[in-house]
Trainee: 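Supplied in structure tokens, the structure appears directly below.
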Amino acid sequence: ILTRAAEKRQTLLQAGSMTSAAEASCLLTLHSCGSARDKNFFSRRNFMLRSIAMTSVFTAQELPKSIIEKITGVTYRENPHIKLSQLSYLRISYIDFEGSVQTGEMICNKKLSSEITDIFRELFEAGYPIEKMRLADEYGGDDDKIMADNNTSCFNYRTVAGTDTVSLHGLGRAVDINPLYNPYIAGGKIMPAKAAPYADRSRDFPYKIVKDDICWRIFTSHGWKWGGEWKNSKDYQHFYKPGSAMLRTIRKIFRICLL
């Protein structure tokens, strides 16, 4: 159920009077300060928009020592597939379900760091809502807990559910968006289990990812693929960017998804 703040923000966005949720949030804040007819309203609005733009964060850097210490033994362990030096630490601004600007954390494959920050900048500017964005380590790397808490994340060195094949998350090449509302469905099993109300994709509900929506368009415009388009199993939360040297792994994953 949308909160009142989110409903107001969505109404403002649909009215076509602004281009982003940042502006919608700005107007909601100004609502208590005066009417849009007030001659000072737009100058205050523009000041706030400039402030939001200046304080929004979309950065990528090498893993800080504190982050290396945090993830070692949790979402990262020594392996033959990816090294710590091949990962980047991102700080990303997003609009939460209340319409407020937040700053999240993410770890990804270094080769994709610029692309991922661009994608989330575009989502931010489009006003796309994301409930939270924390490192998978906050959940002990437990994918079920990550999904059940509706956490948007990327890197987590793990295998594809029910297999010994390294997931693209384990290589920092996949992002799950609002996973509670966009579950992974395979062989009649819904993950996370509490996402059962959102497994019926014919229903209309908030935060659902569908083909041709703004989230799908932004990711696919950068060459990413979507698990919601798999033929048998479906992973509606899952966007991924395979590399040319990973075709063998991708074939394995697709064979698993077709079972």
Side-chain angles (χ1 to χ4, degrees), residues 21-22 51-98 100-125 128-160 166-180 215 218-219 222-224 237-243 245-246 249:
S51 298
I52 289 170
M54 290 174 65
T55 57
S56 61
V57 177
F58 299 94
T59 62
Q61 65 182 89
E62 292 187 359
L63 299 183
K65 182 178 179 181
S66 59
I67 295 298
I68 291 176
E69 293 174 350
K70 182 174 187 174
I71 70 175
T72 299
V74 186
T75 59
Y76 181 84
R77 59 184 181 276
E78 291 294 327
N79 68 88
H81 303 291
I82 193 161
K83 300 177 181 179
L84 288 168
S85 61
Q86 295 175 294
L87 297 171
S88 289
Y89 172 69
L90 313 181
R91 296 184 69 241
I92 296 171
S93 291
Y94 65 96
I95 308 297
D96 68 15
F97 284 2
E98 301 297 323
S100 299
V101 178
Q102 305 289 352
T103 300
E105 298 178 289
M106 187 173 286
I107 292 173
C108 72
N109 192 294
K110 183 177 289 186
K111 292 181 178 179
L112 297 177
S113 59
S114 178
E115 200 166 284
I116 290 176
T117 53
D118 285 346
I119 286 170
F120 279 97
R121 182 182 290 106
E122 291 174 35
L123 288 170
F124 178 81
E125 291 173 351
Y128 192 82
I130 293 172
E131 185 169 15
K132 60 193 68 170
M133 189 185 299
R134 301 169 180 165
L135 297 183
D137 305 84
E138 300 292 338
Y139 303 86
D142 188 319
D143 196 43
D144 287 334
K145 291 180 180 179
I146 294 168
M147 292 188 291
D149 199 38
N150 202 35
N151 185 59
T152 292
S153 62
C154 177
F155 178 75
N156 186 6
Y157 191 79
R158 59 178 175 79
T159 58
V160 176
V166 176
S167 164
L168 290 182
H169 286 285
L171 303 175
R173 304 188 70 95
V175 175
D176 289 344
I177 303 288
N178 291 333
L180 176 62
C215 185
I218 289 173
F219 270 98
H222 288 268
W224 287 58
Q237 65 198 255
H238 188 72
F239 289 93
Y240 60 102
K241 185 73 174 285
M246 300 166 59
T249 299

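On a predicted model such as this, the values are computed, not experimentally measured, just so you know. Values reported hereafter were calculated over all heavy atoms of this structure, with side chains retained and with hydrogens, waters and symmetry mates removed.
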Trainee: For residues G172 and L112, report the shortest heavy-atom separation together with the two atoms involved.
Mentor: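 Here G172 and L112 meet closest at O-CD1, 4.0 Å.
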Trainee: With rounding to the nearest 0.5 angstrom, report the CD1 to OH distance, I177 to Y128.
Mentor: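 Result: 7.0 Å between the selected atoms.
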Trainee: Please assess L90 against F120 for the test side-chain contact (heavy atoms from CB on, under 4.5 Å), listing each intermediate value before the final yes or no.
Mentor: CA-CA 11 Å; L90 313 181; F120 279 97; over 6 Å; no
Trainee: Could you check if a side-chain atom of M106 sits within less than 4.5 angstrom of a side-chain atom of T152, using non-hydrogen atoms only?
Mentor: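 Result yes, sub-4.5 Å side-chain heavy-atom pair found.
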Trainee: If you look at every heavy atom in F97 and E131, which pair is closest and at what distance?
Mentor: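 Where F97 meets E131 most closely, the heavy atoms are CE1-N, 3.4 Å.
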Trainee: Taking all heavy atoms of H81 and all of Y157, pick out the closest pair and write down the distance.
Mentor: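 Closest pair (atom of H81, atom of Y157, distance): CD2-OH, 2.9 Å.
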Trainee: Main chain of R173, side chain of N109: is a donor-acceptor contact present, judged purely on distance under 3.5 Å?
Mentor: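 It does not hold such a pair.
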Trainee: Does the T117 side chain pair with the main chain of T59, one donor and one acceptor, at a distance under 3.5 Å?
Mentor: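 Not at all, since once roles are kept as given, no pair shorter than 3.5 Å links the two residues.
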Trainee: Of all heavy-atom pairs between Y139 and R134, which one has the smallest distance, and what is that distance?
Mentor: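 Of all heavy-atom pairs spanning Y139 and R134, the closest is OH-NH1, 3.5 Å.
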Trainee: Working to the nearest 0.5 Å, report the span between CD1 of I67 and CD of E62.
Mentor: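 Spacing of CD1 (I67) from CD (E62) equals 13.5 Å.
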Trainee: For a side chain to side chain contact (heavy atoms under 4.5 Å, CB included) with I116, tell me which candidate from F219, F239, W224 qualifies.
Mentor: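 With I116 as partner, side chain to side chain contact (heavy atoms under 4.5 Å, CB included) holds for just one option, W224.
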Trainee: To the closest 0.5 Å, what do you measure between OG (S113) and CD1 (I107)?
Mentor: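 The OG atom of S113 sits 12.5 Å away from the CD1 atom of I107.
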Trainee: Nearest 0.5 angstrom please: L87 CG to K110 NZ, how far?
Mentor: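 Output value for this atom pair is 8.5 Å.
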Trainee: Does F124 reach the side chain of V101, with side-chain heavy atoms less than 4.5 Å apart?
Mentor: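 F124 vs V101: side chains touch.
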Trainee: OG of S167 to NE2 of H238: how many Å apart, nearest 0.5 Å?
Mentor: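 Output value for this atom pair is 6.0 Å.
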Trainee: For a quick check under 3.5 Å, do T75 and D137 share a side-chain donor-acceptor pair by atom type?
Mentor: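 Note: T75 and D137 side chains meet the donor-acceptor criterion.
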Trainee: Just verifying a value: how many Å separate D143 CG and T159 OG1, rounded to the nearest 0.5 Å?
Mentor: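 Reported value, rounded in 0.5 Å steps: 9.5 Å.
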Trainee: Any side-chain heavy atom of Y240 sitting closer than 4.5 Å to one from H169?
Mentor: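 Sidechains of H169 and Y240: no contact.
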Trainee: Are K70 and E138 within salt-bridge range, i.e. N to O under 4.0 Å?
Mentor: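 Yes, K70 and E138 are salt-bridged.
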Trainee: Return the minimal non-hydrogen interatomic distance between C154 and A174, and the atom names on each side.
Mentor: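 What the structure gives for the nearest pair is SG-O, 3.1 Å.
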Trainee: Run the side-chain contact (heavy atoms from CB on, under 4.5 Å) test on L135 and F155 for me, step by step, so that the C-alpha distance in whole Å, both residues' side-chain angles and the decisive distance to 0.1 Å come before the verdict.
Mentor: CA-CA 8 Å; L135 297 183; F155 178 75; over 6 Å; no
Trainee: Does N151 reach the main-chain N or O of I146 with its side chain, forming a donor-acceptor pair under 3.5 Å?
Mentor: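 No, the answer is negative, given that no donor and acceptor are paired below the 3.5 Å cut-off.
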Trainee: Among pairs that include at least one residue of residues 84-93, which meet side chain to side chain donor-acceptor pair (under 3.5 Å), considering only residues two or more places apart or in two chains?
Mentor: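 Every pair satisfying side chain to side chain donor-acceptor pair (under 3.5 Å) with a residue in residues 84-93: Y89-E105.
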Trainee: Using modelled atom types and a 3.5 Å cut-off, is there a donor and acceptor pairing between side-chain atoms of Y76 and backbone atoms of I82?
Mentor: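 Side chain of Y76 to backbone of I82, a donor-acceptor pair under 3.5 Å: yes, one is there.
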Trainee: Indicate yes or no for a side-chain donor-acceptor contact from N79 to the backbone of R77 under 3.5 Å, with no hydrogens or angles considered.
Mentor: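 Here the side-chain-to-backbone pair exists.
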Trainee: For K132, run the salt bridge (Lys or Arg N to Asp or Glu O under 4.0 Å) check against D176, D96, D149 and tell me which one passes.
Mentor: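 Among D176, D96, D149, the one that satisfies the salt bridge (Lys or Arg N to Asp or Glu O under 4.0 Å) with K132 is D149.
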